[in-house]
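Reviewing the structure listed below.
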Amino acid sequence: MTDILDAGLLLSWYDTHKRILPWRETSDPYRIWLSEVMLQQTQVATVIPYYERFTHAFPDPTSLADADDDLVLKMWEGLGYYNRCHNLIKAMRKVRDEHRGWVPDTPEVFSDLPGVGPYTCAAVQSIAFGHRIAAVDGNVNRVVTRVFALDGVVTTAPVKRAIQEAVDQAIPEDRSGDFNQAMMELGATVCTPRRPGCTHCPLRGICKARDLGKQEAFPVQGAKKKVPLYPVALAVVVDGGKILVQKRPSSGHLAGMWEFPGGRILSEESQVMALRRCLLEELGIVPEVGDMVGSVTHAYSHFKVQLHLYLATIKEGSVTPKKGQPFNWISPDELATLAFPTANRKLFPLLMDALNKVGAP
DNA sequence: GACGCGTGGGG
DNA sequence: TCCCCAAGCGT
């Protein structure tokens with residue numbers, strides 16, 4: 001590799017063009033860490049309100065470590081990738097119990113914490129403590145593959161090595177944190193996936209992709225597989241003005257979130273049949289299935305669901321979850337106090353309409 | 001190394 | 001409407 005990323009150029013561009021962001025107004029390692037976790041696979045505009053609420057409710061690692069898991073998850077509700085939240089809680093408890101409440105200031109110790117991978121370690125340790133470690137995220141991948149016209153699939157080992165080498169060489173002794181942020185800021189605001197602003201890019205003079213007129217051809221992505229669509233039947237089981245909600249297992253998909261009971265509709269099975277089967281299997285109850293509340297579709301990262309929600313009452317049996325999952329009878333008002341996945345939340349307004357109709361004279 | 005893991009915005 | 005993508009990590 002003949003050319004090298006010019007750190008001076010990037011830093012002076014950053015000084016002039018960086019956005020004002022809440023986590024850039026602090027030097028608190030905890031807040032910088034919190035922002036980096038929230039920003040994983042998540043856009044700045046989405047993160048800002050969550051960051052503000054978290055820092056207000058939990059101003060330091062110990063206050064987050066001492067908080068109730070369900071409250072923290074409720075505050076994370078809607079941000080997605082909920083294992084980030086669970087790992088964050090675990091990490092803060094380790095900080096409280098093993099590091100006297102202080103965020104570790106060495107990469108070796110810090111990277112041992114749950115949810116801290118290579119990127120987050122490099123970002124926090126460089127920005128908060130000045131360690132000279134290059135952070136490679138999606139933005140950096142895009143900038144570097146364009147500057148050097150790296151035409152292999154970006155997720156393959158040789159390309160990853162080349163990217164790492166390029167930033168390792170370029171990162172300066174001074175202002176390593178600002179260098180990392182400059183690379184990401186450039187990727188986020190100028191060297192964008194589509195229609196990059198090459199004419200006002202500080203690297204326009206050395207960018208090979210621009211020379212070739214093929215900026216948008218980089219990075220080369222691997223083949224994506226298309227996601228399946230699963231039909232799902234759910235029930236609002238009503239009893240004496242209360243409705244039944246169930247807590248998901250503490251690991252896996254949507255860990256620890258609350259939801260309406262139900263499950264996948266098998267082929268050859270009607271929605272109502274599926275609902276009867278699932279409620280018997282999961283909860284040991286035979287329902288009387290009533291009116292449909294409504295349907296919504298929702299796309300997760302790796303599949304889509306079509307949710308069909310029905311009103312129901314218990315005809316036989318009492319609720320005894322097969323896997324010992326916690327459940328709760330709540331008033332409709334209390335739905336807002338529990339952490340629900342967005343797919344379930346889409347059903348809330350439909351449910352309120354349905355309950356008003358049933359309850360009205 | 002591949003896959004599981006959310007959500008909202010933009011084209 | 002649908003596809004792509006965004007400051008990744010754990011298994």
Side-chain angles (χ1 to χ4, degrees), chain A residues 14 18-19 21-24 32-51 73 76-88 90-91 110-124 126-128 134-143 153-161 167 177-189 191-196 216 219-229 248-249 251-257 259 296-305 339-346:
Chain A
Y14 181 68
K18 70 177 176 187
R19 291 167 291 177
L21 300 173
W23 45 89
R24 290 184 177 157
I32 293 165
W33 180 10
L34 177 65
S35 74
E36 291 299 345
V37 173
M38 289 183 165
L39 285 163
Q40 290 168 11
Q41 300 288 283
T42 310
Q43 294 181 342
V44 163
T46 304
V47 166
I48 289 175
Y50 286 88
Y51 173 86
L73 189 59
W76 197 276
E77 178 187 63
L79 196 52
Y81 285 136
Y82 297 98
N83 274 332
R84 291 186 294 176
C85 180
H86 299 299
N87 282 331
L88 189 68
K90 287 180 196 158
F110 185 65
S111 62
D112 191 46
L113 296 165
V116 177
Y119 165 75
T120 304
C121 181
V124 172
S126 65
I127 297 168
V136 178
D137 73 334
N139 290 306
V140 175
N141 283 338
R142 191 168 51 255
V143 171
V153 174
V154 66
T155 53
T156 58
V159 176
K160 285 197 281 191
R161 269 199 303 275
V167 288
D178 283 344
F179 172 83
N180 283 334
Q181 294 195 78
M183 289 288 288
M184 295 189 277
E185 189 79 349
L186 188 65
T189 63
C191 194
T192 49
R194 285 170 302 276
R195 298 178 53 81
E216 296 195 36
V220 179
Q221 301 290 158
K224 324 245 185 260
K225 55 176 193 181
K226 49 181 290 188
V227 299
L229 170 65
R248 293 183 60 86
S251 67
H253 189 48
L254 302 168
M257 311 276 296
E259 65 180 6
V296 299
T297 62
H298 186 77
Y300 292 103
S301 48
H302 49 307
F303 63 89
K304 293 184 215 175
V305 290
F340 278 84
T342 296
N344 269 245
R345 298 187 68 80
K346 286 180 180 176

### Query
Residues in ring-ring contact (aromatic ring centres under 6.0 Å, His included) with H298(A), at least two apart?
Y300(A)
Under 4.0 Å, heavy atoms only, any strand: does [X] hit a base, just the sugar-phosphate, or nothing?
X       : answer
S35(A)  : nothing
R19(A)  : base
V116(A) : sugar-phosphate
L21(A)  : base
W76(A)  : nothing
R345(A) : nothing

### Task
Establish, with yes or no, whether the OP1 or OP2 oxygen of dC5(C) is under 4.0 angstrom from a side-chain nitrogen or oxygen of K224(A).
yes
### Message
So if I apply the ring-ring contact (aromatic ring centres under 6.0 Å, His included) rule between W33(A) and each of W23(A), Y51(A), F110(A), which one comes out positive?
### Response
F110(A)
Within this structure, what is the [atom1]-to-[atom2] distance between [X] and [N], rounded to whole angstrom?
X       : N      : atom1 : atom2 : answer
K90(A)  : dC9(C) : NZ    : C1'   : 12 Å
H86(A)  : dC9(C) : NE2   : P     : 18 Å
N87(A)  : dG4(B) : CG    : P     : 19 Å
K225(A) : dC5(B) : NZ    : C1'   : 12 Å
L229(A) : dC3(C) : CG    : C1'   : 15 Å

### Task
Check the side chains of Q41(A) and R84(A) for a donor-acceptor pair under 3.5 angstrom, ignoring hydrogens and angles.
no
### Summary
With B for base contact, S for sugar-phosphate-only contact and - for none (protein heavy atoms under 4.0 Å), nucleotides 6-11 of chain B reads BBB---
### Query
Do Y81(A) and H86(A) have their ring centres less than 6.0 Å from each other?
no
### Query
Looking at the side chain of K160(A), which of dC5(B), dC5(C), dG1(B) is the nearest nucleotide?
dG1(B)
### Query
DNA chain C: G115(A) or W23(A), which has the more 5' nearest nucleotide?
W23(A)
### Query
More 5' along DNA chain C: L113(A) or Q221(A), using each one's nearest nucleotide?
Q221(A)
### Task
Rounded to the nearest 0.5 Å, what's the gap from CE on M184(A) to CD1 on I127(A)? Could you check?
5.0 Å
### Task
Output yes when E216(A) and R194(A) qualify as a salt bridge under the 4.0 Å nitrogen-oxygen rule, no when they do not.
no
### Message
Using the salt bridge (Lys or Arg N to Asp or Glu O under 4.0 Å) criterion, which residues pair with R195(A)? Sequence neighbours excluded.
### Response
none
### Task
Please measure how far the P atom in dT11(C) lies from the corresponding atom in dG6(B), and state the result in whole Å.
14 Å
